[in-house]
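Quick notes on the structure that follows.
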Amino acid sequence: MSKIIITHSDKGENLANSIINNGFNASIVRSPKNYEELWNKYEALIFIGALGICVREIAAFLESKKSDPAVINIDANGQFVQPVVSGHLGGANQLSEDLARLLGATPVVTTVSDTSGLWALDLLPQQHNWTLECEGQLTQLMAAFVNKKKTALLLEVRDKGSLFLETEKPDHVDVFFNADEIHAEHYQLILAVTPFVHDFGKKAIYYRPKVLQLGVGCQRNLPFESFEKELVSQLRSKQISPLAVAAIGTVNLKSDETALIELAKKWNIPLKALADDILADYDIPNPSEKVSEVTGSYSVSEAAAMHLSGNSLLVEKSKAKAGGKYFTFALAMDKKSERKGFVEFVGAGPGDPELVSVRGKRMLQTADMILYAGSLVPKELTNYAKAGCVVKSSAGMDLITQIESMKPFYDRGLFVVRLHTGDPCIYGAIQEQMAIMDQLKWNYHITPGISSFQAAAAALESQFTIPEEVQTIILTRGEGRTPMPDREQLNQLARSQSTMCIYLSASIAEKVQAQLSEHYPPETPVAVCYKLTWKDEKIYRCTLESLAKTVEENNLKMTTMIVVGKAIDNRSGFSKLYDREFTHAFREGK
């Protein structure tokens, strides 16, 4: 966003320079005479001075909130930052918040949706990469929402935006996942995040997420205008919005087809040309010998849609004609966007419910079932679950029982959270679960979490690296009932004398001490960390020579991490990053 700061005094100019010196990218002009030029050139005008001066200077140029630049006013003392026009669409509200944080000032935002904590319906497309469609009066519908009229929210995809709406919904909003369940007469407003065309009349605002992959095959020299018109007609006849198309796929042979290039350009989506051997790999429902003779693959449209989406077909090959030329198209929805059965592996963090990620919390709030590692994850984390969510502990389950407990929910198209301690990819035992899910062709995704080694560093108030001395952190475990490769035995890893974080090994502390002592000095600092971030967290500091004794005396077995290395409690050594004489991309050395 191009921005200019307009000042009228020395005090205002000093404040403007302070803003820019703090990293705000803008130009400065003092007492300009060319307001019309500035109005047309910049996306944001920031006035420093009295609000009345600002209003008088811009009054002659105001046209529409859809086209006017963002205008913000800041008092000369830098105490208050106020959006004046184009708060939502122009971004003045957000820019005011940003400037207020930079100055330590108070943002004065008066838009009703902002002051009431409600969604800004006109900003949702910009925030979540959707396109807005509305046949009714958008302003009136937005007014109904901020006045808390009864609202239905239809979510027919799963993406970041729909998760946000589902978890942050106001009390006057009812959530639906199936359009047939909505009785439109009971609602004054319907918000629909969907690629599908529904007839809710003029009381609906549609948000079109780009989740559909369009495969196209065609004869040469397809006329663009009639092709686009017929394609749109065909899509709408199948209750599909063209605004939900994310990309066009075709065979390499047609990568230079003008109609496809023009369509991609006009719809502002990529055209992806695929090799015939890639397309030939797909088992498609409608193979064609003729297509195979020309392209080397039995399908273009169906195979392209399946390849780009990673999914089965939503619309099988359909044949149409434009200006005497034939084309075929097929559609598939991006696999991860479907509102079908889905498993999310969520990292719970080290234990404290407030250390789960924002995304992880949203997953817990929207899950239909939570299967949590009860022996390692505090049950308090499942308190984020919505009403009606089924919560089960996997502490007494074997692998097959875990899968079987999730399967009934998955098969019903519901959302399952598999909640693991720390980060699920570090000693989380998710590999074997994913292997079975791959065999079952389940959809799943991983949300990372804060690992206990990171919690250990924070609890110990230690940086686990020391400039020029220790630059490696080793995450490992000792050899107990589960064998370790010879090259990863602790005495081998200890050669580097790096900071070592040892999981799952308190029960073999004596063996751990003996192996580490082959290379670490006996006085090496050690921290034995029990239930990091839990309510009953305990940390025992000792040296390597007293490690086993410390573990035994405190009866430590499970949920214990052993940290070894001179970085514990270290305060020596300075990095180059903040050295005054060191030059880097953001600062010149002095």
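Positions are given from 1, in the same order as the sequence printed here.
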Shortest non-hydrogen contact from [X] to [Y]?
X      : Y      : answer
Val81  : Ala105 : CG2-CB, 4.0 Å
Ile72  : Ser96  : CG1-OG, 3.5 Å
Tyr187 : Thr151 : CD2-C, 3.5 Å
Asn443 : Gly341 : ND2-O, 3.8 Å

Apply side chain to side chain contact (heavy atoms under 4.5 Å, CB included) to Asn34 and list each qualifying residue two or more places apart in sequence or on a separate chain.
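Asn34 satisfies side chain to side chain contact (heavy atoms under 4.5 Å, CB included) with Pro32, Glu37, Leu38 once adjacent residues are dropped.
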Salt bridge or not between [X] and [Y]? Use side-chain N to carboxylate O under 4.0 Å.
X      : Y      : result
Lys386 : Asp368 : yes
Arg158 : Glu338 : no
Lys202 : Glu135 : no

Are the side chains of [Y] and [X] in contact, using a 4.5 Å heavy-atom criterion?
X      : Y      : result
Gln454 : Ser451 : yes
Lys169 : Leu165 : no
Leu274 : Asn252 : no

Assess the residue pair Met363 and Tyr384 against the criterion (side-chain contact (heavy atoms from CB on, under 4.5 Å)); give the C-alpha distance rounded to whole Å, side-chain angles, the decisive distance to 0.1 Å, and a yes or no.
CA-CA 9 Å; Met363 297 294 173; Tyr384 288 124; over 6 Å; no
Could you walk me through whether Leu132 and Leu243 satisfy the side-chain contact (heavy atoms from CB on, under 4.5 Å) test, starting with their C-alpha distance in whole Å, then the side-chain angles of each, then the deciding distance to 0.1 Å, before giving a yes or no?
CA-CA 9 Å; Leu132 186 149; Leu243 295 173; over 6 Å; no
Is the cationic atom of Lys3 (NZ for Lys, CZ for Arg) positioned less than 6.0 Å from the six-membered ring centroid of Tyr42 and within 45 degrees of its normal?
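Judged by the rule (NZ or CZ under 6.0 Å from the ring centre, within 45° of its axis), Lys3 is not positioned above Tyr42.
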Has Arg362 got its NZ or CZ under 6.0 Å from the middle of the six-membered ring of Phe164, at an angle within 45 degrees of the ring axis?
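So Arg362 doesn't make the cation-pi contact.
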Determine, step by step, whether Gln94 and Asp98 satisfy the side chain to side chain donor-acceptor pair (under 3.5 Å) criterion, reporting the C-alpha distance in whole Å, the side-chain angles of both residues, the deciding distance to 0.1 Å, and the verdict.
CA-CA 6 Å; Gln94 183 60 57; Asp98 295 342; 3.0 Å; yes
Whether the side chain of [X] engages the backbone of [Y] through a donor-acceptor N/O pair (distance < 3.5 Å, no angle test) should be reported.
X      : Y      : value
Asn129 : Pro125 : no
Ser337 : Val211 : no
Lys203 : Ala184 : yes
Asp423 : Cys425 : yes
Asn311 : Met333 : yes
Gln463 : Thr465 : yes

Salt bridge (Lys or Arg N to Asp or Glu O under 4.0 Å) pairs, two or more places apart, involving residues 446-455:
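Every pair satisfying salt bridge (Lys or Arg N to Asp or Glu O under 4.0 Å) with a residue in residues 446-455: there are none.
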Tell me whether Glu380 at atom CD has more than 12 heavy atoms from other residues, nucleotides or ligands lying less than 6.0 Å away.
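Yes - once you tally the heavy atoms of other residues, nucleotides and ligands closer than 6.0 Å, there are more than 12.
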Taking atom CG of Asp199 as the centre, report whether more than 12 heavy atoms of other residues, nucleotides or ligands fall under 6.0 Å from it.
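It does not: Asp199 CG has 12 such atoms or fewer within range.
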With distance as the sole criterion, is a donor-acceptor pair present between the side chains of His198 and Glu156 under 3.5 Å?
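Per modelled atom types, His198 and Glu156 side chains form a pair under 3.5 Å.
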Do Thr366 and Glu166 have a side chain donor and acceptor closer than 3.5 Å?
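Glu166 and Thr366 do not have a side-chain donor-acceptor pair below 3.5 Å.
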Look at the rings of Trp119 and Phe145 and say which category their plane angle falls in: under 30° parallel, 30 to 60° tilted, over 60° perpendicular.
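Trp119 and Phe145: parallel rings.
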Verify side-chain contact (heavy atoms from CB on, under 4.5 Å) between Trp39 and Asp68, making sure each step is shown before the conclusion.
CA-CA 8 Å; Trp39 187 264; Asp68 290 339; 3.6 Å; yes
Decide salt bridge (charged side-chain N to carboxylate O under 4.0 Å, His left out) for Arg30 and Asp10; before the verdict, give the C-alpha distance in whole Å, the side-chain angles of both, and the deciding distance to 0.1 Å.
CA-CA 9 Å; Arg30 182 159 173 175; Asp10 290 344; 2.6 Å; yes
Pairwise distance CD(Glu354) to CG(Asp352) - rounded to 0.5 angstrom
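The CG atom of Asp352 is 5.5 Å from CD of Glu354, to the nearest 0.5 Å.
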Going by the rule side-chain hydrogen bond (donor to acceptor under 3.5 Å, both in side chains), which residues pair with Asp159 if we only count those two or more places apart in sequence or in a different chain?
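For Asp159 the side-chain hydrogen bond (donor to acceptor under 3.5 Å, both in side chains) partners, ignoring immediate neighbours, are Trp130, Ser162.
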Which one of Ile6, Val71, Val85, Leu45 satisfies the side chain to side chain contact (heavy atoms under 4.5 Å, CB included) criterion with Cys54?
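Of all the options given, the one that passes is Val71.
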Candidates Ile74, Leu51, Asp75 - the one meeting side chain to side chain contact (heavy atoms under 4.5 Å, CB included) with Phe80
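Exactly one option meets the side chain to side chain contact (heavy atoms under 4.5 Å, CB included) with Phe80, and it is Asp75.
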Ser309/Gln213 under side chain to side chain donor-acceptor pair (under 3.5 Å): CA gap, chis, key distance, verdict:
CA-CA 6 Å; Ser309 66; Gln213 302 294 339; over 6 Å; no
For residues 347-370, which residue pairs pass the ring-ring contact (aromatic ring centres under 6.0 Å, His included) check, not counting sequence neighbours?
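Applying ring-ring contact (aromatic ring centres under 6.0 Å, His included) to every pair that reaches into residues 347-370, excluding sequence neighbours, yields nothing.
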Can you name the ring pair (Phe, Tyr, Trp, His ring centres under 6.0 Å) partners of Phe327, sequence neighbours left out?
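So Phe327 forms a ring pair (Phe, Tyr, Trp, His ring centres under 6.0 Å) with Phe227.
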Phe176 and Leu153: CA distance, side-chain angles, deciding distance, side-chain contact (heavy atoms from CB on, under 4.5 Å) verdict
CA-CA 6 Å; Phe176 297 88; Leu153 173 63; over 6 Å; no
Give the C-alpha distance, both sets of side-chain angles, the deciding distance and a yes or no for side chain to side chain donor-acceptor pair (under 3.5 Å) between His8 and Glu57.
CA-CA 12 Å; His8 296 282; Glu57 297 290 8; 5.0 Å; no
For Arg208, all residues meeting salt bridge (charged side-chain N to carboxylate O under 4.0 Å, His left out), sequence neighbours excluded
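Residues passing salt bridge (charged side-chain N to carboxylate O under 4.0 Å, His left out) with Arg208: Glu133.
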